[in-house]
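Lettering follows sequence order; numbering is per chain, from 1.
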Amino acid sequence: MKLKLTQLKNTLLDPRFINYTIIVTIFLTMFLLIQTNAVNRYIYNLLIMVLIMIVMSTSLNIATGFLGELVLGHAGFMGIGAYTAAILGIALRPYIATDLLLFGASATGAMILAGIAGLLVGTPALRLRGDYLGIMTLGFGEIVRNLITNLSSITNGAQGLSGIPRIMTFSIAFWTTVMIVTIIFLFMNSRHGRAILSIREDEIASESVGINITRYKLLAFVLASMFAGIGGAMFAFKDGFLAPNSFNFLKSVEIFVIVVLGGMGSLSGSIISSIVLVFLPEYLRDFNQYRYLLYSSVLIIIMLYRPQGLMGTKEFDFTKIKAKLTTLVTTIKKRLKKGRE
Amino acid sequence: MAVLEVKHLSIQFGGLRAVDDFNLEVDHNELVGLIGPNGAGKTTIFNLLTGVYLPTEGSIHLNNVSTVGKRPSDIVLLGSSRTFQNIRLFKNMTVQDNIKVAYHNRMDYNIFSSIFKTKKYKIEEARANEIARELLEVFDLLEFEQHLAKNLPYGKQRKLEIARALATNPQILLLDEPAAGMNPQETEELMATIKLIKNQFNVSILLIEHDMKLVMGICERIVVIDYGKIIAKGQPKAIRENKNVIKAYLGE
């Protein structure tokens, strides 16, 4: 009996168990709130938008945060994914009745096509560095948008594509996001992820210890575009309507800003800043045009006082909260004591 | 049998012949010093050996395999590894991760293993941690295992760079001015470390150095170059008395 109790205690204190529990708790809370109509349609849509932005920003974080390259065309990959998924979704709807399966099939197609696009763009682009790569990816994003606008026979051009099945529920969006973030996290903690990090730190040193830098740069770039494709698929099934202008340069910048604000190289940072940067502009609607002033001021202030972003390169860890709190309390106590003396 | 065999190596940068007809053989477990005045072409030779530059003429063989035209990362796989004149660590990574990056090619699991955390992933990672610990122990860096590399003191950063180079399991280690910026005490310590590496890891070492005490103290053989050409070769004692060498360093 005693043995069983210690076993139970060990499982309960296992970091993985704690993380799983917290994720499930978050999901159940949100799910209950939605089911009881405590969350209205407007917020429900915003929640899904947050999840989409989490997928977009964590995927961009592979290329920008971990690999350290300036990529300003992420919305292009999102657009490719969105349109692929939408067209697949419309075509497959008569054959697949289950929403989840339909989303799975379309998102897989979106992921593959966005990945191929990433490979095609990345192969020449990654010979460039810094600003030059930024300009080139920016150009790519615009090319995608223009292609979508002009390929009217497939995408219905500037009028937008409608009639896409609206199957993006909170549950599907939530678990897709959890899956993608987990995959990126596990990937970054492997030898492959370390190789990518080492390229960011010092390309020459990385090559001198036997890392094939071309291969790993391309891998990071392709992975980022694949997950962006899934983000696009989520976006396509959200409103049932797609327009080419959803994937313009501003969208790319928005995703980029989320990554920089959250901290380049921190997945939890991207998650936190996705939440903040989706909700903040919405809640500032009362200020009309002034909200853009406030929005940019927040960005400027954060960049001035915390140039490394909210989280830097660190990850937020639920399991370490207790330890952190204890150290915080002791330092406060010490300071108070010093103050008294 | 020679681990490294260089024949008639030359490189031309525009009108400048930075390295001219350089020949060298380094035997198994031998410690060779490469010295010369500033700008003589020492680091250029290192860059040729590691594949950063493509030679204009000549051949380089590592364990009888030609390395000319191969990528730097592939040359590492053939068994050579280097350090840099100005330290190049992965500054924002932990000391342990610095070693584990270098251990990359000796691990064998694919992306899917890392995503599903398979048994193979766990075994390989555990082995990498073990090897990293062993290496850090040799270099007295074990207590800093979880520190960021940039937070180490200068001398320890140098040591970590050497440890990282060794993690690729090289047969020849190329050290580019390992004692640069060190005080006499640290240099003394470094000499001991280099001797230890040579014996414990059974590698050949080729080192560039300006600190004559270090070079004369530990090198078995010395090659002196000036203006890209070899001006003297031989035992430390002979080099010290060589007229050409004295001329190159002190002038007429």
request  = Answer yes or no: is there a donor N or O on one side and an acceptor on the other, between the side chain of A:Asn61 and the main chain of A:Met264, under 3.5 Å?
outcome  = no

ask   = Checking B:Asn29 side chain against B:Asn202 main chain: does a donor-acceptor pair fall under 3.5 Å?
value = no

ask   = Does a donor on one side chain sit under 3.5 Å from an acceptor on the other, for A:Glu315 and A:Ser268?
value = yes

ask   = Judged by atom type as modelled, is there a donor-acceptor pair below 3.5 Å linking the side chain of B:Asp97 to the main-chain atoms of B:Lys100?
value = no

message = Around atom CZ of A:Phe185, are there more than 12 heavy atoms from other residues, nucleotides or ligands closer than 6.0 Å?
response = no

message = Could you check whether any side-chain N or O of A:Thr108 sits under 3.5 Å from a backbone N or O of A:Gly104, counting only pairs where one atom can act as donor and the other as acceptor?
response = yes

task = Taking B:Arg71 for its side chain and B:Asp74 for its backbone only, find out whether a donor-acceptor pair lies under 3.5 Å.
result = no

query = Hey, does the Lys NZ or Arg CZ of A:Arg200 hover above the aromatic six-ring of A:Phe66, less than 6.0 Å from the centre and inside 45° of the axis?
reply = no

request  = Please confirm whether the backbone N or O of A:Val55 pairs with a side-chain atom of A:Thr58, one donor and one acceptor, at under 3.5 Å?
outcome  = yes

request  = May I ask you to check whether over 12 heavy atoms, not counting those of B:Leu196, lie within 6.0 Å of atom CG?
outcome  = yes

note = Listed by number, the residues in residues 118-144 of chain B that come under 4.5 Å of chain A (heavy atom to heavy atom) are B:Tyr121, B:Glu125

query = Which residues in residues 84-92 of chain B have a heavy atom less than 4.5 Å from any heavy atom of chain A?
reply = B:Phe84, B:Arg88, B:Leu89, B:Phe90, B:Lys91, B:Asn92

query = So what's closer than 4.5 Å to chain B heavy atoms on A:Ser206: side chain, backbone, both or neither?
reply = both

inquiry  = Would you say CZ of B:Phe13 has more than 12 non-hydrogen atoms from neighbouring residues, nucleotides or ligands within 6.0 angstrom?
reply    = yes

request  = Please step through side chain to side chain donor-acceptor pair (under 3.5 Å) for the pair A:Ser57 and A:Ser274, ending with a clear verdict.
outcome  = CA-CA 7 Å; A:Ser57 53; A:Ser274 296; 3.0 Å; yes

ask   = Is it the case that B:Asn47 and B:Arg82 place a side-chain donor and acceptor less than 3.5 Å from each other?
value = yes

message = Can you give me the closest heavy-atom contact between A:Asp131 and A:Leu70, atom names plus distance?
response = CA-CD2, 4.1 Å

Chain B contacts, top residue of A:Ser208, A:Gly265, A:Gly193 (heavy-atom pairs, under 4.5 Å) = A:Ser208

message = Side chains of B:Thr56 and B:Ser10: any donor to acceptor distance under 3.5 Å?
response = no

ask   = Going by residue number, which parts of residues 213-228 of chain A are within reach of chain B, meaning a heavy-atom gap below 4.5 Å?
value = A:Thr214, A:Tyr216, A:Leu219

remark   = Within residues 148-177 of chain B, contacts to chain A at heavy-atom distances under 4.5 Å involve B:Arg164, B:Thr168

Winner by heavy-atom pair count (cut-off under 4.5 Å) against chain B, out of A:Thr182, A:Asn189, A:Leu186, A:Leu197 = A:Leu186

query = Between the side chain of B:Lys42 and the main-chain N/O of B:Leu34, is any donor-acceptor distance below 3.5 Å?
reply = no

ask   = So A:His192 and B:Asn110, side chain to side chain donor-acceptor pair (under 3.5 Å) or not? Walk me through it.
value = CA-CA 8 Å; A:His192 309 285; B:Asn110 58 25; over 6 Å; no

inquiry  = Side chains of A:His74 and A:Ser59 only: does a donor on one sit below 3.5 Å from an acceptor on the other?
reply    = yes

